[in-house]
Amino acid sequence: NGCIGDPKGFYLPYLLFVAVLFGNLASNTAVRFLIALGVSGCLITKGTDLSAGRQVGFAACLAGVLLQRANYAGRLFPNMPEMNMGVVLLIVLAIGAVFGLLNGLIIAFLNVPPFIATLGTQTIIYGISLVFTDAQPIGGFQESYNNLINGCIGDPKGFYLPYLLF
């Protein structure tokens with residue numbers, strides 16, 4: 001009859017349904033949660049950062065291009081060697097830090113309100129993303145990167161990454 005525990009307890013299909021819902025919730029909110037953590041520091045200090053989402057989008061585009069397989073026919077930069085995921089992470093973090101520094105310098109030294117400064121840099125970052133990717137979809141990722149962006153650490157049946165955030 002599908003009962004687990006006592007007869008008026010939970011049914012197995014219900015438990016599986018709840019587990020799938022939690023998995024979907026965790027995977028759909030994990031990235032937004034990280035962006036919200038980054039922006040919360042600005043909000044606490046009476047500022048705002050409208051460019052955070054565009055920075056994450058550009059970081060994803062950059063990482064995607066740098067982590068394409070060498071034998072992928074649609075590679076954006078065909079002569080570029082295949083790169084290590086750790087090196088790409090450092091490159092992406094450094095470029096994100098440069099954008100953050102740019103926002104900070106505009107706000108601190110040019111006395112531009114944070115809302116206006118980050119609105120402008122958001123538009124600039126979006127334009128850079130479009131030019132960098134030639135407004136084309138990015139594909140042909142290395143298998144290790146595919147596993148990571150699909151939420152697994154290690155092999156595809158490994159630990160589900162978004163659960164680390166909750």
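No hydrogens, no waters, no symmetry mates; every other heavy atom, side chains included, goes into these values.
For residues 90-102, no residue pair satisfies the side chain to side chain donor-acceptor pair (under 3.5 Å) rule, not counting sequence neighbours. Within the structure, side chain to side chain donor-acceptor pair (under 3.5 Å) pairs that include any residue of residues 61-71 comprise Arg69-Asn71 (at least two apart or interchain). Pairs engaging residues 126-142 under the side chain to side chain donor-acceptor pair (under 3.5 Å) rule: none recorded [sequence neighbours left out].
Note that the OG1 atom of Thr123 and the CZ atom of Arg54 stand 7.5 Å from one another [nearest 0.5 Å]. To the nearest 0.5 Å, the span separating CZ on Phe115 from OG1 on Thr48 amounts to 7.0 Å. Separating the OH atom in Tyr145 from the CG atom in Leu66 is a distance of 9.0 Å, to the nearest 0.5 Å. In this structure, Ile124 CD1 and Leu119 CG are separated by 10.0 Å, a value rounded to the nearest 0.5 Å. For the atom pair CZ of Phe58 and CD1 of Ile128, the computed distance is 6.0 Å after rounding to the nearest 0.5 Å.
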Taking distance alone, no hydrogens or angles, what donor-acceptor pairs closer than 3.5 Å link side-chain atoms of residues 76-97 to residues at least two apart or in another chain?
{"unit_1": "Glu82", "atom_1": "OE2", "unit_2": "Ala70", "atom_2": "N", "d": "2.8"}
{"unit_1": "Asn84", "atom_1": "OD1", "unit_2": "Gly86", "atom_2": "N", "d": "2.6"}

Could you give the side-chain donor-acceptor pairs of residues 101-112 under 3.5 Å, partners two or more places apart or in another chain?
{"unit_1": "Asn103", "atom_1": "OD1", "unit_2": "Thr121", "atom_2": "OG1", "d": "2.6"}
{"unit_1": "Asn103", "atom_1": "ND2", "unit_2": "Ser51", "atom_2": "OG", "d": "3.0"}

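Through side-chain heavy atoms spaced under 4.5 Å, either directly or across other Ile, Leu, Val, Met, Phe, Trp or Tyr residues, Val98 is tied to no other residue.
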